[in-house]
Colleague: 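This structure is in structure tokens; I'll ask about it shortly.
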Amino acid sequence: MPNAESLEVLYSEKVIAERIRILGAEITQNYQGKELILVCVLKGAFPFLADLCRAIDMDVRIEFLGVSSYGAGTKSTGVVRITQDLAHPIKDKHVLLIEDIVDTGLTLRYILDNLTTRNPSSIGICTLLDKPANRRVEVEVDYSGFTIPDHFVIGYGMDLAESYRNLPYIGYFPPETLGKD
Ligand code: IMP
């Protein structure tokens with residue numbers, strides 16, 4: 001595990017909060033009059049969901065979908081597993097997937113294919129971070145907080161081997177501090 005002192009801050013709490021306020025206003029406008037379910041992709045998106053849902057000025061339902069794709073490393077294995085399914089049907093509902101970060105796109109592709117079989121009225125994607133450099137499959141992101149360079153980021157829900165999720169900001173370890181994996 002790298003030393004926390006070598007951590008570089010990418011987005012501060014204040015910058016994240018301001019961006020989420022704008023995303024919330026856009027979502028509120030675009031889903032007016034519709035029944036919206038926010039599906040939080042666990043674990044990494046839980047702080048984003050908590051802040052984003054309070055920036056949305058209309059009634060929404062909240063669901064959680066547990067997904068595991070990385071193991072303990074910093075590279076995608078490409079193997080996606082549902083660890084906790086939705087508690088309620090999404091048939092004929094408008095679903096907005098809430099993700100922490102889209103990297104290869106493999107996780108979202110798997111989730112989209114799975115949830116589409118349940119016949120929702122629509123499925124949108126809202127991600128806090130988009131890291132297009134590593135994309136391996138195409139996914140259409142509807143709402144994106146920030147587009148980031150190819151860093152492995154942590155904090156604000158995102159982990160390195162399950163650590164750092166509770167940092168209030170988003171940071172990264174310069175590659176030379178991460179070692180090989
Ligand atoms: P993808 O399947 O490669 O798009 O990765 C999606 C998931 O991998 C995200 O929801 C995160 O949980 C995790 N992930 C991808 N990149 C990072 C990162 O830079 N830091 C922490 N987690 C990441």
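In this chain, numbering begins with 1 at the start of the sequence shown. Counting convention: from 1, in listed order, for ligands and their atoms alike.
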Colleague: Using atom types as modelled and distance alone, determine if a side-chain donor or acceptor of Arg19 lies under 3.5 Å from a backbone N or O of Gly145.
Modeller: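 Answer holds: yes.
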Colleague: Assess the residue pair Arg165 and Glu162 against the criterion (salt bridge (Lys or Arg N to Asp or Glu O under 4.0 Å)); give the C-alpha distance rounded to whole Å, side-chain angles, the decisive distance to 0.1 Å, and a yes or no.
Modeller: CA-CA 7 Å; Arg165 288 193 197 275; Glu162 295 298 329; 3.0 Å; yes
Colleague: Of all the atoms in ligand 1, which lie at a distance below 4.0 Å from a heavy atom belonging to Glu99?
Modeller: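 That gives atoms 10 (O) of ligand 1.
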Colleague: Decide whether the shortest distance between a heavy atom of Leu160 and an atom of ligand 1 is less than 4.0 Å.
Modeller: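 Flag not set, Leu160 not near ligand 1.
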Colleague: Give the numbers and elements of all ligand 1 atoms closer than 4.0 Å to a heavy atom of His151.
Modeller: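 Those atoms are 19 (O).
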Colleague: Relative to the heavy atoms of Asp159, which atoms of ligand 1 are at a distance of less than 4.0 Å?
Modeller: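 Checking each atom against Asp159, I get 21 (C).
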Colleague: State if Lys131 counts as touching ligand 1 under the rule of any non-hydrogen atom under 4.0 Å.
Modeller: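 Right, Lys131 reaches ligand 1.
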Colleague: Using heavy-atom distances only, which candidate in Ile111, Thr104, Val41, Leu108 approaches atom 3 (O) of ligand 1 most closely?
Modeller: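 It is Thr104 that holds the nearest heavy atom.
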Colleague: Which of the atoms of ligand 1 are close to Thr107, meaning less than 4.0 Å from one of its heavy atoms?
Modeller: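 Taking each heavy atom of Thr107 in turn, ligand 1 has 1 (P), 2 (O), 5 (O), 6 (C) under 4.0 Å.
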Colleague: Using 30° and 60° as the class limits, which term best fits the ring planes of His94 and Tyr31: parallel, tilted or perpendicular?
Modeller: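 The rings of His94 and Tyr31 stand perpendicular, inter-plane angle above 60°.
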Colleague: Are any of the heavy atoms in Ile154 under 4.0 Å away from ligand 1?
Modeller: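 Under 4.0 Å: no for Ile154.
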Colleague: Val153 versus Tyr11: any side-chain heavy-atom pair under 4.5 Å?
Modeller: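 The answer is no; the side chains never approach within 4.5 Å.
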Colleague: First locate atom SG of Cys53, then atom CD1 of Ile20, and finally report the distance between them rounded to the nearest 0.5 Å.
Modeller: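 Atom-to-atom, Cys53:SG and Ile20:CD1 are 10.0 Å apart.
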